[in-house]
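Some notes on the structure that comes next.
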Amino acid sequence: MQTKSYLDYKSIIAELVEAVVSGDGINRENIYGLLEYPPDSDLGDLALPCFKLSKVLRKAPQLIAAELEGKIEPAPYFTEVKATGPYLNFRLAPVPLVQEVLGQIIKLGAEYGGRTIGRGQNIVIDYSAPNIAKPFHVGHLSSTVIGNSLFKIYSFLGYNCVGINHLGDWGTQFGKLITAYKKWGSAAEVKKGLIKELMRLYVKFHTEAETDPALEEEAREWFRKIEEGDEEALSLWKWFKDISLEEFQRVYDLLEITFQSWAGESFYNDQIDAVVDELNAKGLLTESEGATIVNLDAYDMPPCLILKKDGSSLYATRDIAAALYRKKTYQFVKALYVTGIAQTLHFQQWFKVIELMGYQWAKDLVHIPFGLVSLKGEKLSTRKGRVVLLEELLTTAIQKTQAIIDEKNPGLEKKEEVARMVGVGAVVFGALSVNRIKDVTFSWEEALNFEGETGPYLQYTHARACSILRKAGFSTDEDLVFDPEKLAEPVTLKVIKTLYLFPEKVMAAAAEYEPSIISRYLIDLAQDFNGFYHGCQVLVDDPDLQRARLILVFAVKTVLATGLGLLGIKAPEQM
RNA sequence: GCGUCUGUAGCUCAGUUGGAUAGAGCAAUGGACUUCUAAUCCAUAGGUCGCAGGUUCGAAUCCUGCCAGACGCGCCA
């Protein structure tokens with residue numbers, strides 16, 4: 001896997017400019033940071049805005065640009081170095097560019113864009129975390145696919161990632177469920193209806209509890225029994241959990257998402273006392289209104305609740321226990337928590353508590369928030385039954401794909417498999433294509449749209465590229481030499497310049513914990529490639545031209561497949 | 001009330017962390033399948049970057065104040 005051996009044009013320019021300019025604070029690194037991509041490719045491929053230099057040199061930026069133009073020798077990497085107003089624009093020489101980019105992709109294949117910077121370092125990623133006995137719905141999609149994508153992205157950079165599914169498998173809701181089950185349920189009904197039946201009982205509990213507050217008391221009592229290890233309570237809890245896990249697993253199978261750990265909230269039960277003791281020993285705990293808290297007034301935050309007045313723990317307590325356990329177990333350099341933006345304050349609070357406990361690694365805890373999913377502008381509500389089940393969404397998308405295949409490509413082999421890849425890909429891409437912080441209103445129409453900036457569009461582009469390679473009998477076993485001079489049209493060079501950007505996009509996506517940077521990039525790449533596809537015939541009589549174009553097609557296919565992989569999306573060879 | 005996030009084309013969103021003429025997709029209109037998969041491509045049209053100040057050579061981007069929406073602020077998670 002590459003480190004940073006590839007041709008870095010920004011470094012080259014920084015070096016060239018540094019050699020001919022001198023002044024306070026003007027060095028390679030600073031110049032590197034100033035470089036940007038011009039808004040219009042007619043201007044050039046890279047640009048140095050001279051405003052900042054103008055401050056140091058006390059000269060008009062236009063003048064600086066003009067002077068630099070005369071002092072910098074373009075060859076061999078540039079064909080033109082030209083001042084346009086206060087900008088110094090560089091136009092890349094096609095041959096070295098083409099040779100470099102395609103050469104790298106041929107050499108590295110699926111590893112192009114990857115790095116080894118994370119080697120030997122562990123990152124734990126907490127994502128998905130659905131609640132037991134509740135339906136797995138579209139509200140859980142973001143956490144699940146963002147976490148999975150970050151897992152892939154960081155792994156691609158060489159980190160050893162640990163995916164943790166911190167299941168919501170503890171809490172008063174199980175008391176409620178057992179109460180409802182004892183009153184209105186039966187083993188036969190639960191066996192038949194599974195989560196749907198559990199959900200019915202849960203909803204019934206809440207409607208009944210509105211008029212009968214005694215139910216709440218009964219629920220608390222049942223939860224206390226679970227905590228005390230009462231045999232009946234515990235076996236019901238275990239049964240409900242098993243039913244839920246089985247259903248969750250079907251969704252994870254469709255998404256092809258796996259976890260290294262399924263340690264949920266219940267896993268930390270026996271570690272709570274030790275955490276409370278430690279907090280106490282460090283003098284962080286105070287009593288307030290009967291509850292035990294960590295006061296955070298000094299940090300302009302409300303207090304972090306550690307124990308209720310009845311002495312039972314809260315989720316901050318369990319999160320602290322989990323963090324201590326994970327640090328001890330995995331020695332992480334970073335721990336990521338992919339949860340909704342609504343929990344931001346909660347994470348700020350208990351991150352601060354970890355810091356106050358004296359742990360320097362508090363700075364390695366990162367909350368990765370995402371926007372709220374709603375339904376037609378209304379909140380999702382399990383209690384009111386206003387949810388879209390994830391499994392239903394995925395299977396509907398798969399069915400729709402199947403219908404499209406039957407219509408457009410009825411002879412396709414492995415139809416079911418392809419329909420699954422494309423249907424699921426559409427849903428996953430939909431969740432990863434915009435900035436994760438944005439709130440989204442779920443709409444069936446949008447989720448099932450397969451045209452324009454969508455997963456299927458990327459997969460289709462990939463399949464088209466594969467189709468050309470297949471027809472040409474292209475194989476990577478051959479010696480992949482080609483004449484870079486053959487790839488000279490603007491549409492072709494555009495594709496190659498976009499391919500060049502892939503490694504820095506991967507780095508940016510990791511640095512910002514933002515899979516949508518990859519999504520947006522892949523759309524750009526596919527659009528550029530489709531422009532090339534329509535403008536240039538690949539299978540042509542001239543063998544040298546065909547060879548060069550085939551290599552380009554191979555490169556695009558490779559990067560599309562890699563990028564889709566980083567999003568957790570499959571790239572079928574035909575569709 | 002306090003705090004956080006969001007506000008860019010009719011709709012959904014990008015916008016290289018302060019740079020050149022603000023870009024895509026959807027929807028609309030008009031074109032391109034005897035040619036490597038039309039889940040595609042090309043063209044046209046569409047803008048007071050929520051509003052008002054400020055900083056700067058330069059602001060969609062930074063600061064302040066408003067407006068609108070979402071979310072959060074002690075015993076749920």
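In the text below, chain A, chain B and the rest are named by the order of the sequence lines, each starting its count at 1.
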Indicate syn or anti for [N], taking the glycosidic torsion and treating anything within 90° of 0 as syn.
{"N": "B:U17", "value": "syn"}
{"N": "B:C33", "value": "syn"}
{"N": "B:G31", "value": "anti"}

Output field: ring centroids A:Trp170/A:Phe223 closer than 6.0 Å: yes
Pair A:Tyr337 + A:Phe347: ring centers closer than 6.0 Å: yes
Distance-only donor-acceptor check, side chains [X] and [Y], under 3.5 Å:
{"X": "A:Asp528", "Y": "A:Thr498", "answer": "yes"}
{"X": "A:Asp319", "Y": "A:His346", "answer": "yes"}
{"X": "A:Thr84", "Y": "A:Asn89", "answer": "yes"}
{"X": "A:Glu445", "Y": "A:Ser443", "answer": "no"}

Side chain of [X] - closest among [options]:
{"X": "A:Asp439", "options": "B:A39, B:A70, B:C13", "value": "B:A70"}
{"X": "A:Ala291", "options": "B:C75, B:C73, B:G18", "value": "B:C75"}
{"X": "A:Arg464", "options": "B:A39, B:A77, B:A38", "value": "B:A38"}
{"X": "A:Val434", "options": "B:C76, B:C41, B:A14", "value": "B:A14"}
{"X": "A:Tyr460", "options": "B:U37, B:C57, B:C13", "value": "B:U37"}
{"X": "A:Glu451", "options": "B:U37, B:U40, B:C36", "value": "B:U40"}
{"X": "A:Phe450", "options": "B:A39, B:C36, B:U40", "value": "B:A39"}

CD on A:Glu265 to NE2 on A:His166, rounded to 0.5 Å: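 These two atoms lie 5.5 Å from each other.
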Separation between CZ of A:Phe174 and CH2 of A:Trp222, rounded to the nearest 0.5 Å: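 Rounded to the nearest 0.5 Å, the CZ-CH2 separation comes to 15.0 Å.
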Is [X] close enough to [N] that one of its side-chain N or O atoms is under 4.0 Å from OP1 or OP2 there?
{"X": "A:Lys52", "N": "B:C57", "value": "no"}
{"X": "A:Lys408", "N": "B:A39", "value": "yes"}
{"X": "A:Lys438", "N": "B:A14", "value": "yes"}

How is [X] classified with respect to the nucleic acid when contacts are heavy atoms under 4.0 Å: base, sugar-phosphate, or nothing?
{"X": "A:Lys471", "result": "sugar-phosphate"}
{"X": "A:Thr292", "result": "nothing"}
{"X": "A:Ile293", "result": "base"}
{"X": "A:Gln574", "result": "base"}
{"X": "A:Met575", "result": "base"}
{"X": "A:Leu305", "result": "base"}
{"X": "A:Glu512", "result": "base"}
{"X": "A:Val553", "result": "nothing"}
{"X": "A:Asn435", "result": "sugar-phosphate"}
{"X": "A:Thr344", "result": "nothing"}
{"X": "A:Gln527", "result": "sugar-phosphate"}
{"X": "A:Glu289", "result": "base"}
{"X": "A:Lys379", "result": "sugar-phosphate"}
{"X": "A:Cys536", "result": "base"}

Contact nearer the 5' end of RNA chain B, comparing A:Val418 with A:Lys308: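 This one resolves to A:Val418.
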Closest-nucleotide 5' rank along RNA chain B - winner of A:Ile437 and A:Lys309: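 Whichever sits nearer the 5' end wins; that is A:Ile437.
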Once you round it to whole Å, what is the distance between [atom2] of [N] and [atom1] of [X]?
{"X": "A:Ile517", "N": "B:A24", "atom1": "CD1", "atom2": "P", "answer": "20 Å"}
{"X": "A:Leu372", "N": "B:U6", "atom1": "CG", "atom2": "C1'", "answer": "12 Å"}
{"X": "A:Tyr315", "N": "B:C76", "atom1": "OH", "atom2": "P", "answer": "11 Å"}
{"X": "A:Phe529", "N": "B:C41", "atom1": "CZ", "atom2": "P", "answer": "12 Å"}
{"X": "A:Arg220", "N": "B:C76", "atom1": "CZ", "atom2": "P", "answer": "8 Å"}
{"X": "A:His367", "N": "B:G72", "atom1": "NE2", "atom2": "P", "answer": "13 Å"}
{"X": "A:Glu453", "N": "B:C41", "atom1": "CD", "atom2": "C1'", "answer": "15 Å"}
{"X": "A:Asp126", "N": "B:A77", "atom1": "CG", "atom2": "C1'", "answer": "13 Å"}

[atom1]-based separation of [M] from [N] [nearest Å]:
{"N": "B:C11", "M": "B:G46", "atom1": "C1'", "answer": "12 Å"}
{"N": "B:A59", "M": "B:G72", "atom1": "C1'", "answer": "31 Å"}
{"N": "B:C76", "M": "B:G1", "atom1": "C1'", "answer": "24 Å"}
{"N": "B:C71", "M": "B:C13", "atom1": "P", "answer": "16 Å"}
{"N": "B:G25", "M": "B:C41", "atom1": "C1'", "answer": "14 Å"}

Salt-bridge present (A:Glu218, A:Lys176; N to O < 4.0 Å): no
Salt-bridge criterion met for A:Glu217 and A:Arg220 (N-O under 4.0 Å): yes
Considering Watson-Crick and G-U wobble pairs with both distances under 3.5 Å, what does [N] pair with?
{"N": "B:A9", "result": "none"}
{"N": "B:G3", "result": "B:C71"}
{"N": "B:A60", "result": "none"}

For the student: nearest non-hydrogen atoms of A:Glu514 and A:Asn435, plus distance: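 For A:Glu514 versus A:Asn435, the nearest heavy atoms are OE2-OD1, 2.7 Å.
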For A:Leu375 against A:Arg386, the heavy-atom pair lying closest together: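 Looking at all heavy atoms of both residues, the closest pair is CD2-CG, 3.7 Å.
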Give me the distances for all protein-to-nucleotides 20-22 of chain B N/O pairs that come in under 3.5 Å?
from, atom 1, to, atom 2, distance (Å)
B:A20, N6, A:Asn89, OD1, 2.8
B:A20, N1, A:Asn89, OD1, 3.2
B:A20, N1, A:Asn89, ND2, 3.1

